[in-house]
Structure formats: structure tokens, C-alpha cells
Enquirer: 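After the C-alpha cells below, expect a handful of questions from me.
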Amino acid sequence: MTTQTQHQLGKTLWDIADQLRGAMNADDFRDYMLSFLFLRYLSSNYEESAANELGKDYPKVKADEKLTPLSLWYEANKKDIPEFEKQMRRKVHYVIEPQYLWSNIAELARTQSQDLLVTLEKGFKYIENQSFESTFQGLFSEINLNSEKLGKNQTERNNKLCTIITKIAEGIAQFSTDTDILGDAYEYLIGQFAAGSGKKAGEFYTPQQISTILSKIVTLDSQDPSAGTKKKLEKVFDFACGSGSLLLNVRKQLGEHGIGKIYGQEKNITTYNLARMNMLLHGVKDSEFEIHHGDSLLNDWEILNEMNPAKKIEFDAVVANPPFSYRWEPSEAMGDDFRFKSYGLAPKSAADFAFLLHGFHYLGKEGAMAIILPHGVLFRGGAEERIRTKLLKDGNIDTVIGLPANLFFSTGIPVCILVLKKCKKTDDVLFINAAEQFDKGKRQNSLRPEHIEKIVDTYQFRKEEERYSRRVSMEEIAKNDFNLNISRYVSTAQSEKAIDLQAVHKELVSIEKQIAEAAEKHNQFLEELGLPPIS
């Protein structure tokens, strides 16, 4: 299927969402819409796997048959169901009884059945509780089918759900729906809902253009980026993963077999569920990713707290778009935390460096970390200056990239990307000032593919270009008191052209001479006509 068709499915579903949500908040409607799309994916995947498992025993269904093949098989093979479901748990790690499959849910919706809401509720619980892996636990926990936002009473809510699901089923029916297509549609919808969420969008979404820059950077050989893209990354980590879009973009750069395992952490429960759905919808098996619900600053993920250095988990790539200038309350004990001990704590007013140090601690010796942060981290004083100075003196800050303003849904401020390494070979810092290169939009600016490629190419080959990029020595940075304000090193301002005063004077004399000659000639004509001259 072409990219255009993939985009059309996303747009079709977004148009449905736009028509149906009415006065409902975009965030609330997003959760219903995406959960139903995910149920559609799980059902399709399950039925396909069931057909492969049962082979010639999988029933054929007539065109006018109301029951699905799996429903027919369940009716005819009641004693074999436990063994079949046991096999399905082994193979796809979850079970869906026929009554809870999307095809049955869509049929209940189409016929305006009053059983829809109850069946859907039971179906969500069944999938969560009958799964083999913890990946599915609590997956639909934040979907409130009895919310008054859907209707004042159960009948109204049931009718609203019937309409939503029927429209989604009709929309999807126009397209082929393999994993890639549904995954892309899901991603498109997340982006559209982010656009409607304003500042809240920062909690769950990094615009694809910026995700692509980070992803392309961390997938290049970190020792020598000019050598090109790595063949494989064993472990990739995003400690503020939102809906997982950034992690999926890293996977996209390397192909589906290019990452051993994806690790993500997310504090918001609803967004955490979105991330798990997003992974599965993009064909990432539940054994190929681990998303943890918890607070990165508190470091409450057990696998990250291994004190034995031999067992400490390290990542080949770390990417992140944490909340900007997040206010936090570090305890005194945190001063001895292994992540912060050598650097000191970030100030309460801005946890930017706390997030950075968290991710950096787990970066492997030959890995690369790319993190999006507000410009303040480059020049603010106090505790942040001390952290920044140590990172620079230790040779860990590799590249500073300044991006244009108004690229995010959640903020209009310009942001920067910091690239950090523990294996840095050069004794300088590359500054890229890409702030002036963008397409201006009415509500939001954007980067064209050529803008993205220029940033990545400049990083990869450490290129220098007037008013765009420059390699700055540590001596020069030290003279500037370790201030990394990009415009100090790479100004985009055009220097004014020097004026040659003698040449200007000569030109003025010439012009005055021409004026005098023209006036004399004009007065001659007036004299011939018997008119007074003009002085």
C-alpha cells in the first residue's frame, strides 16, 4: 500500500473522530478511538493466528453467514477449546473469545444492540486477565465506558458507542488493514489528537520530524558517525517515552530486526497504555519491548537499580523528550543517588539536567544519547552550570543543535538537541544553528526533509558552514565560562556590508554634476519658448 493510501486511512479515521466527538475533550475521545482501533488489530491478528493453528479444521464461512469462522469452531469443538487457547497463549500471548472479537463487536454496533457496552467491557477485562504476559495487564484500565461524557445514562452511552464503532468499522473496511497500515493510522491519529490537545500534547507526543532527527543521530556509528548506520542496536531506551513514537522511529531507521529490545518508561498511566498499544500495533512482539509505568526521576524501575556493576543494564542508544523545565522536589538523600552523585542535583525549578543525567547514567560506553531540552540548559548558572561544566570537561557533550521555534504542539519556544557520548573522540563540540531553516505555518512551523537531512548530514560528517555550523574548541568554550549559548559560537546574523565612503562621495559628486547639466539644458528649452528659467 502506498504512503498516500496509508495517510488516507488515518485521515478517514480522523474525520470520523472529528465528526463524532462533539463537545468531548480531544484527549478523552482519543482514548476511546485508539482503543477500538487496537481491539480491531488484536482481533485481526488473533483470527489470522487461529487460522494457521487450526489449519484445515478452520471453518469456511458462507457469504450470508452471521457467525465468524472462530465462533463456528468454538460451537463445534467445545472439548478442544482449553487446549486451543493454551496453544494461542504460547503463540500470540493472549486469548480473545469469539464474542469479544472486533467482528462481533462491530456487528453488535451495526445492529444497535443494547448489549454492546456490557460485551465490550467484559471483552476488555477478558483480554487483560486471560493473557500469558504482563504486557496486556491493565491495557484498557483507563477506558471508562460508563463515563457521562459518552452519555447521561447507559442507553445513551451504548448508542454513542454503537455509532462510533460502526463508523470506524465502515472507515477501515475501505482499506487493506495489515499491521503496518493500522500502525501508521494509529500514529497519524496520535499526531492529530496532539494538535488538538495544545500544551497537554507535550505529555505524549514528539513531532515526527524531530523524532526522525534524534533517531537518525543515535543509529549512526557513535564512534565514527561518518562510517554510517549501525546494523543493530541491542537495547534502546526512552525514559519519558509518551506514546512510544520516538522509540518506534528508532526502530524504523534500522528495520524491524534492527533492535534487540526496546525499553521505555512513562509516568502517565493513560499514555503508558497508549505506548504499549502503539508497540503492538506496529508489529513489535511483546517479547521485544518492555514499557514500565513509573517515575524516572525517582528511578522506581527495578531493572535500573541493579547495584552489581557486572549486571548493570546499559543501552546502545538513549533518546528522550522529557517535560521542559519540570518542577521537582529532590530529597536530600538524592544527593547520594548514583545518577547524580558526581554532578550534584538539578535545581527544583527545572529538572532538565536530572532527566539528562538519568538517561546518561545508563548509556553504554559506545552508545549515543540524543535528548530534547529547552535552551536554558545551555547557559543557566548555579547548579546547572556546575553540571554542564563537568559534562564538558569530561568530554561527554558531543553536539549542540538549535532548532526553530514553534515546532511543538505543547510550546512555542525554540528547543535544542544535546548529543552526549561516553566514547567521544574529538576534543571539540559541534554547534549546529538550524533555527532559521524551516517552513512557516499558521499555527505551527515545520521542517522539510531537506532541513532534517542537512542537520543529520552536518552531524554525521562534522561539517562546518558559515552561519550554520562550527566545531568549537574546549579552550574557547572554557574562555566563555562553559556557556553553550549557540549564538555565541554560530550567529545566523548577516554581517552588514562595509561602506566605501570615498566611492559614495565620488558617486554623489557625479550625480550632482548630472543634475546641473540636466537643469541647464532644461532652462535652454524654456528660454526658446519665452518662459522664465527654473532656478
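Quick caveat, the model's predicted, so the values are computed rather than measured.
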Enquirer: Determine whether W73 and P98 make a side-chain contact, defined as any pair of heavy atoms from C-beta on separated by less than 4.5 Å.
Expert: no
Enquirer: So, E366 and K421, do they make that salt bridge, N to O below 4.0 Å?
Expert: no
Enquirer: What pair of heavy atoms forms the shortest contact from P322 to A240, and how long is it?
Expert: CA-CB, 4.0 Å
Enquirer: Does Y41 have its ring centroid less than 6.0 Å away from the ring centroid of W102?
Expert: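 No, the ring centres sit 6.0 Å or more apart.
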Enquirer: Hey, could you give me the CD/CG distance between E288 and D286, rounded to the nearest 0.5 Å?
Expert: 8.5 Å
Enquirer: Is the ring centre of F239 less than 6.0 Å from the ring centre of W301?
Expert: no
Enquirer: Which pair of heavy atoms, one from K232 and one from H257, lies closest together, and at what distance?
Expert: CE-O, 3.7 Å
Enquirer: Would you call K341 and D337 a salt bridge, using N to O less than 4.0 angstrom?
Expert: no
Enquirer: Quick one: closest heavy-atom pair of T271 and S243, and the distance?
Expert: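 Looking at all heavy atoms of both residues, the closest pair is CG2-N, 3.7 Å.
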Enquirer: Hey, does the side chain of N77 reach the backbone of D80 with a donor-acceptor pair shorter than 3.5 angstrom?
Expert: no
Enquirer: Kindly indicate whether the side chain of L280, heavy atoms from C-beta on, has any atom under 4.5 Å from the side chain of F289.
Expert: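 L280 reaches F289 side chain to side chain.
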Enquirer: If the threshold is 4.0 Å, N to carboxylate O, is there a salt bridge linking E128 and K125?
Expert: no
Enquirer: What verdict does the side-chain contact (heavy atoms from CB on, under 4.5 Å) test give for M279 and L248, after you've listed the backbone C-alpha separation in whole Å, the side-chain angles of each residue and the deciding distance to 0.1 Å?
Expert: CA-CA 7 Å; M279 290 291 153; L248 286 166; 3.9 Å; yes
Enquirer: Is the backbone of E107 close enough, under 3.5 Å, to the side chain of T111 for a donor and an acceptor to pair up by distance?
Expert: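 Indeed, once roles are kept as given, a pair shorter than 3.5 Å links the two residues.
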Enquirer: Would you tell me whether N249 and Q253 have side-chain atoms, one donor and one acceptor, within less than 3.5 Å of each other?
Expert: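 Indeed, the side chains of N249 and Q253 share at least one donor-acceptor pair under 3.5 Å.
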Enquirer: With salt bridge (charged side-chain N to carboxylate O under 4.0 Å, His left out) as the test, would you mind laying out the steps for E234 and K261 before giving the verdict?
Expert: CA-CA 6 Å; E234 288 303 327; K261 192 160 185 178; over 6 Å; no
Enquirer: Should the ring pair F36 and F124 be called parallel, tilted or perpendicular, given that the plane angle runs from 0 to 90° and is split at 30 and 60?
Expert: parallel
Enquirer: Are S71 and N104 close enough that a side-chain donor and a side-chain acceptor fall under 3.5 Å?
Expert: no
Enquirer: Kindly state whether the ring of Y94 and the ring of F136 have centres lying under 6.0 angstrom apart.
Expert: yes
Enquirer: Does Y186 reach the side chain of M33, with side-chain heavy atoms less than 4.5 Å apart?
Expert: no
Enquirer: Would you find a donor on one side and an acceptor on the other, under 3.5 Å apart, between the side chain of R157 and the backbone of G151?
Expert: yes
Enquirer: Answer yes or no: is there a side-chain heavy-atom contact under 4.5 Å between L345 and F353?
Expert: no
Enquirer: Does the side chain of Q154 come under 3.5 Å of the side chain of N159 through a donor N or O and an acceptor N or O?
Expert: no
Enquirer: Checking K216 against E453 for the salt bridge (charged side-chain N to carboxylate O under 4.0 Å, His left out) test, could you report, in this order, the C-alpha distance in whole Å, the side-chain angles of both residues, the deciding distance, and whether it holds?
Expert: CA-CA 9 Å; K216 284 180 177 286; E453 286 308 316; 3.6 Å; yes
Enquirer: Once you measure the plane-to-plane angle for H361 and F338, does it fall in the parallel (<30°), tilted (30-60°) or perpendicular (>60°) bin?
Expert: tilted
Enquirer: One thing to verify: whether K235 and E314 come together as a salt bridge, which I'm taking to mean a side-chain N less than 4.0 angstrom from a carboxylate O.
Expert: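 No, E314 and K235 are not salt-bridged.
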Enquirer: Think R276 forms a cation-pi with Y272, using NZ or CZ under 6.0 Å from the six-ring centre and within 45 degrees of its axis?
Expert: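 So R276 does make the cation-pi contact.
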Enquirer: Within 45° of the ring axis of Y32 and under 6.0 Å from its six-membered ring centre, is that where the NZ or CZ of K160 lies?
Expert: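 Judged by the rule (NZ or CZ under 6.0 Å from the ring centre, within 45° of its axis), K160 is not positioned above Y32.
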Enquirer: Angle between ring planes, F193 versus F29, binned at 30° and 60°: parallel, tilted or perpendicular?
Expert: tilted
Enquirer: Under a 3.5 Å threshold, yes or no: a donor from one side chain and an acceptor from the other, between Q112 and N158?
Expert: no
Enquirer: Testing the basics here: between Y100 and K122, what is the closest heavy-atom pair and its distance to 0.1 Å?
Expert: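 Between these two residues, the closest heavy atoms are OH-CB, 3.7 Å.
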Enquirer: Regarding K424 and D398, does a basic nitrogen lie under 4.0 Å from an acidic carboxylate oxygen?
Expert: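 A salt bridge is absent here (no side-chain N lies under 4.0 Å from a carboxylate O).
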Enquirer: Heavy atoms only: give me the nearest C162-L108 pair and the separation to one decimal.
Expert: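 Smallest heavy-atom distance, with atoms named: SG-O, 4.3 Å.
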Enquirer: For residues G367 and C423, report the shortest heavy-atom separation together with the two atoms involved.
Expert: O-SG, 4.1 Å
Enquirer: Where the side chain of N396 meets the backbone of L420, is there a donor-acceptor pair that is under 3.5 Å apart?
Expert: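 Flag not set: sc N396 to bb L420 has no pair under 3.5 Å.
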Enquirer: Could you check whether any side-chain heavy atom of Q208 comes within less than 4.5 Å of a side-chain heavy atom of S245, counting everything from C-beta outward?
Expert: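 Yes; the side chains approach each other to less than 4.5 Å.
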